[in-house]
Amino acid sequence: MHLRALSFAFALVLVACSGDKGDSSTDTDTDTTGTGTTSPTDPTEGPLDPACSCLETDSCGAQICERVGLVCEEECGDEPTVDDEAALQCALEALRDRKPGRLSWYNIPSVTTTYNTRVYIQADGDAIVEESGGVDLCNYTGPDVRRKLKDPAYFADCLALAGSNERFTCMEDGFGEQVVECRPLNESCSEF
């Protein structure tokens, strides 16, 4: 009985991740000759918005701080912990000071889930945010967006928080309104 319930739950996850609607529709458009073409939502199609063009040339900024993560311990029985206090401090200071360049962090809340974030701080107070990750057998990239950073006082308040987990969560929430979408969400699931 337990194995049957697990198999059913796994099947639900695969269907949910695949986006299968139960019909034979596809994500391709057909031109007048009947051949398939790439979907307009394909993240590799077409140039990026000019506000995000540095992503195409990998020129959005050099790394400022070491990568920092919030990691769940064995079987996620313990509270997640920040793996590098100095890197967290550096990232929050860079965000507060609007220091142009690249930051990156990750959050592993469970043994089957990972979230990755790469942030390019821009001189005008915006940030280009790239996200990726995976849950079980499904992986995603994007949506990658250009967003406003919250006020410097927000990050100063983050730095003043007592717990490193609180500071990390505060850092993750340090973005305001979206300016433009650079690349849309792209999801893919694989079968074992």
Side-chain angles (χ1 to χ4, degrees), residues 17 27-29 37-71 80 82-109 113-135 138-159 161 164-165 167-190:
C17 288
D27 288 332
T28 59
D29 295 328
T37 60
T38 304
S39 167
T41 60
D42 184 340
T44 60
E45 183 181 300
L48 292 175
D49 185 285
C52 309
S53 61
C54 64
L55 291 174
E56 291 179 316
T57 58
D58 197 25
S59 62
C60 293
Q63 183 174 327
I64 302 170
C65 305
E66 293 296 318
R67 188 172 183 226
V68 61
L70 188 63
V71 182
V82 171
D83 67 353
D84 189 336
E85 292 281 343
L88 177 58
Q89 178 84 15
C90 177
L92 284 168
E93 289 172 354
L95 289 162
R96 178 197 63 199
D97 300 340
R98 306 297 203 255
K99 183 176 181 179
R102 181 181 72 231
L103 302 173
S104 57
W105 59 78
Y106 60 95
N107 187 340
I108 305 176
T113 306
T114 302
Y115 303 106
N116 298 295
T117 304
R118 184 178 292 172
V119 175
Y120 297 96
I121 301 170
Q122 303 298 292
D124 63 2
D126 286 358
I128 297 173
V129 183
E130 292 182 302
E131 296 183 299
S132 64
V135 178
C138 296
N139 294 303
Y140 72 92
T141 58
D144 299 333
V145 296
R146 187 175 179 120
R147 302 181 70 117
K148 295 287 184 192
L149 284 172
K150 289 189 177 175
D151 292 333
Y154 171 86
F155 296 104
D157 290 343
C158 292
L159 284 161
L161 292 170
S164 58
N165 287 11
R167 290 193 304 276
F168 188 93
T169 301
C170 192
M171 175 184 67
E172 285 186 307
D173 294 335
F175 305 102
E177 69 184 79
Q178 178 176 312
V179 176
V180 67
E181 182 176 274
C182 304
R183 293 186 184 118
L185 176 67
N186 183 28
E187 297 177 281
S188 64
C189 295
S190 59

Residues in side-chain hydrogen bond (donor to acceptor under 3.5 Å, both in side chains) with [X], at least two apart?
X: S132; answer: none
X: D97; answer: none
X: N139; answer: none

Check your understanding: Counting N and O atoms only, with roles assigned by atom type, does the side chain of R147 sit under 3.5 Å from a partner on the main chain of G176, one being a donor and the other an acceptor?
Key -> yes

Taking atom [atom1] of [X] and atom [atom2] of [Y], what is their separation to the nearest 0.5 Å?
X: R118; Y: C60; atom1: CZ; atom2: SG; answer: 10.0 Å
X: D124; Y: R146; atom1: CG; atom2: CZ; answer: 4.5 Å
X: T169; Y: L161; atom1: OG1; atom2: CG; answer: 9.5 Å

Closest contact, heavy atoms only, [X] versus [Y]:
X: I64; Y: P100; answer: CD1-O, 3.7 Å
X: E131; Y: P143; answer: OE1-O, 4.0 Å
X: L185; Y: G142; answer: CD1-O, 3.2 Å

Point to revise | Non-hydrogen side-chain atoms of Q122 and I128 separated by less than 4.5 Å | key: yes

Point to revise | Residue pairs fulfilling side-chain hydrogen bond (donor to acceptor under 3.5 Å, both in side chains) with at least one residue in residues 58-71, sequence neighbours excluded | key: T57-S59, Q63-R102, R67-N116

Point to revise | Parallel, tilted or perpendicular: ring planes of F175 versus W105, cut at 30 and 60 degrees | key: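 Parallel, since the angle between the ring planes stays under 30°.
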
Run the side-chain donor-acceptor check on residues 148-157: report pairs under 3.5 Å with partners two or more places apart or on a different chain.
residue, atom, partner, partner atom, Å
K148, NZ, D126, OD1, 3.1
K150, NZ, D173, O, 2.9
Y154, OH, C170, O, 2.6

Counting only pairs under 3.5 Å, give me each side-chain donor-acceptor contact of residues 82-93, with atom names and distances, residues two or more places apart or in other chains.
residue, atom, partner, partner atom, Å
D83, OD1, G69, N, 2.8
D83, OD2, Y106, OH, 2.2
D84, OD1, A86, N, 3.2
D84, OD1, A87, N, 3.0
E85, OE1, R167, NH2, 2.7
E85, OE2, S164, OG, 3.0
Q89, NE2, E93, OE2, 2.8

Point to revise | All side-chain contact (heavy atoms from CB on, under 4.5 Å) counterparts of D144, not counting sequence neighbours | key: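 Testing D144 for side-chain contact (heavy atoms from CB on, under 4.5 Å), a comparison that skips the adjacent residues, returns E130, C182, R183.
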
